[in-house]
Amino acid sequence: MNYKPRFIARERRGRNMKINEVSKLTGLPISTLRFYERKNLIPDRFVARDENNYRIYSEEIVEFLDDVKVLLSVDFSIEELSTLVNQQIDLAYEDKKMIVEQKIKEIEDIQKRLRKSKKFLNTILEGKANFQTKC
């Protein structure tokens with residue numbers, strides 16, 4: 001076979017893991033990890049290839065992926081996250097900062113709506129709301 005891997009696993013501090021171990025530690029399916037790589041969501045510093053072209057992950061990938069899961073849970077898109085972490089995308093710090101600030105604003109808007117909804121639901125429970133049914 002004449003295939004040369006993109007990069008070979010280098011000596012790293014800490015332990016190196018194959019994709020199935022990363023999957024078990026993060027709770028993410030292997031297919032999701034591969035999808036994240038295709039979308040450039042996993043920076044090259046966390047993954048390399050061994051002489052057999054298997055993916056080798058540094059142990060720091062687990063904490064990184066935990067952060068990714070948190071960001072996805074607050075409605076960051078894969079594309080937004082890829083833009084933030086991908087070194088190859090030439091985006092100024094101020095532009096990346098603006099993406100994060102916009103997401104904070106969206107979260108604050110959601111919190112405001114949730115507080116209003118909670119207040120209304122409490123009003124229903126107290127029987128003070130003009131609502132069709134009493135609880």
Side-chain angles (χ1 to χ4, degrees):
M1 171 176 6
N2 291 337
Y3 177 78
K4 291 242 185 213
R6 290 183 306 178
F7 27 75
I8 302 295
R10 305 172 284 291
E11 283 297 316
R12 299 172 189 225
R13 288 181 299 203
R15 137 183 112 106
N16 292 327
M17 301 175 284
K18 290 195 174 171
I19 197 166
N20 62 341
E21 188 174 0
V22 174
S23 174
K24 287 177 188 171
L25 290 171
T26 61
L28 294 170
I30 291 172
S31 59
T32 298
L33 296 171
R34 289 182 178 142
F35 172 75
Y36 287 175
E37 279 190 54
R38 282 193 308 275
K39 293 295 188 174
N40 295 313
L41 186 56
I42 298 177
D44 289 343
R45 70 180 181 270
F46 295 120
V47 64
R49 298 283 182 156
D50 69 8
E51 59 277 352
N52 294 320
N53 201 33
Y54 292 119
R55 291 172 179 86
I56 302 294
Y57 296 89
S58 66
E59 65 184 338
E60 293 84 13
I61 189 74
V62 174
E63 187 175 333
F64 174 80
L65 290 171
D66 286 342
D67 292 343
V68 166
K69 289 192 292 187
V70 168
L71 293 171
L72 288 171
S73 76
V74 294
D75 288 337
F76 269 91
S77 69
I78 295 291
E79 289 73 24
E80 288 170 326
L81 289 178
S82 180
T83 299
L84 292 175
V85 302
N86 193 337
Q87 300 288 328
Q88 297 169 344
I89 296 176
D90 190 25
L91 195 62
Y93 169 77
E94 288 301 318
D95 294 330
K96 290 182 178 184
K97 182 179 172 187
M98 204 163 44
I99 291 170
V100 173
E101 288 172 340
Q102 178 59 37
K103 196 57 67 176
I104 290 170
K105 184 181 179 331
E106 289 173 20
I107 290 169
E108 289 170 345
D109 291 344
I110 291 168
Q111 288 174 325
K112 184 178 178 181
R113 286 195 313 270
L114 287 172
R115 279 191 298 274
K116 185 176 179 181
S117 296
K118 182 180 176 183
K119 184 177 178 181
F120 176 67
L121 291 173
N122 280 323
T123 305
I124 292 172
L125 288 175
E126 295 166 1
K128 298 178 182 175
N130 292 326
F131 201 66
Q132 290 180 337
T133 184
K134 291 190 177 194
C135 294

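For the numbers below, each heavy atom of this structure counts, side chains included, while hydrogens, waters and symmetry mates do not. Computed from a prediction, not measured in an experiment: that's the story for all the values here.
Between the Asp50 side chain and the Asn52 main chain, a donor and an acceptor come within less than 3.5 Å of each other. Proximity of a side-chain donor or acceptor of Ser58 to a complementary backbone N or O of Asn16 within less than 3.5 Å is not detected. A donor-acceptor pair under 3.5 Å is formed between the side chain of Lys96 and the backbone N or O of Leu84.
Taking CD1 from Ile99 and CD1 from Ile104, the interatomic distance works out to 12.5 Å, rounded to the nearest 0.5 Å. The line from NZ of Lys39 to OG1 of Thr83 is 11.0 Å long, rounded to the nearest 0.5 Å. Atom CD1 of Ile107 and atom CG of Asp75 lie 8.0 Å apart (nearest 0.5 Å). Taking NZ of Lys116 as the start and CG of Leu121 as the end, the distance is 12.5 Å to the nearest 0.5 Å. Distance check, rounded to the nearest 0.5 Å: CG of Leu25 to OH of Tyr57 gives 12.5 Å. Atom CG of Leu71 sits about 11.0 Å away from atom CG of Asp66, to the nearest 0.5 Å.
No side-chain heavy atom of Lys69 sits less than 4.5 Å from a side-chain heavy atom of Leu72. Between Tyr36 and Leu81, every side-chain heavy-atom pair lies at or beyond the 4.5 Å cut-off. No side-chain heavy atom of Val47 sits under 4.5 Å from any side-chain heavy atom of Ile61. Contact of the Arg55 side chain with the Val22 side chain is not registered, since no non-hydrogen atoms from C-beta on lie closer than 4.5 Å. Residues Gln102 and Glu80 are not in side-chain contact: their nearest non-hydrogen atoms beyond the backbone lie 4.5 Å or more apart. Contact check for Glu63 versus Glu60: no side-chain heavy atoms found under the 4.5 Å cut-off.
Side-chain heavy atoms closer than 4.5 Å link hydrophobic residues (I, L, V, M, F, W, Y) into clusters, and following such links, possibly through other members, connects Phe64 to Phe35. Residue Met98 is not grouped with residue Val85 when hydrophobic side chains (ILVMFWY) are merged at heavy-atom distances under 4.5 angstrom, including chains of intermediate members.
Screening Lys119, Lys118, Gln111 for a side-chain contact (heavy atoms from CB on, under 4.5 Å) involving Arg115 leaves a single residue, Gln111. Of the residues listed (Leu28, Leu33, Ile56), the one engaging Ile19 in a side-chain contact (heavy atoms from CB on, under 4.5 Å) is Leu33, and it is the only one.
Nearest heavy atoms, Asn40 versus Ser82: O-OG, 3.4 Å.
With respect to the salt-bridge test (charged N to carboxylate O, under 4.0 angstrom), the residues Asp109 and Lys105 qualify. For Lys103 and Glu106, the salt-bridge test passes: some basic side-chain N is under 4.0 Å from an acidic carboxylate O.
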So Phe46 and Leu65, side chain to side chain contact (heavy atoms under 4.5 Å, CB included) or not? Walk me through it.
CA-CA 10 Å; Phe46 295 120; Leu65 290 171; over 6 Å; no
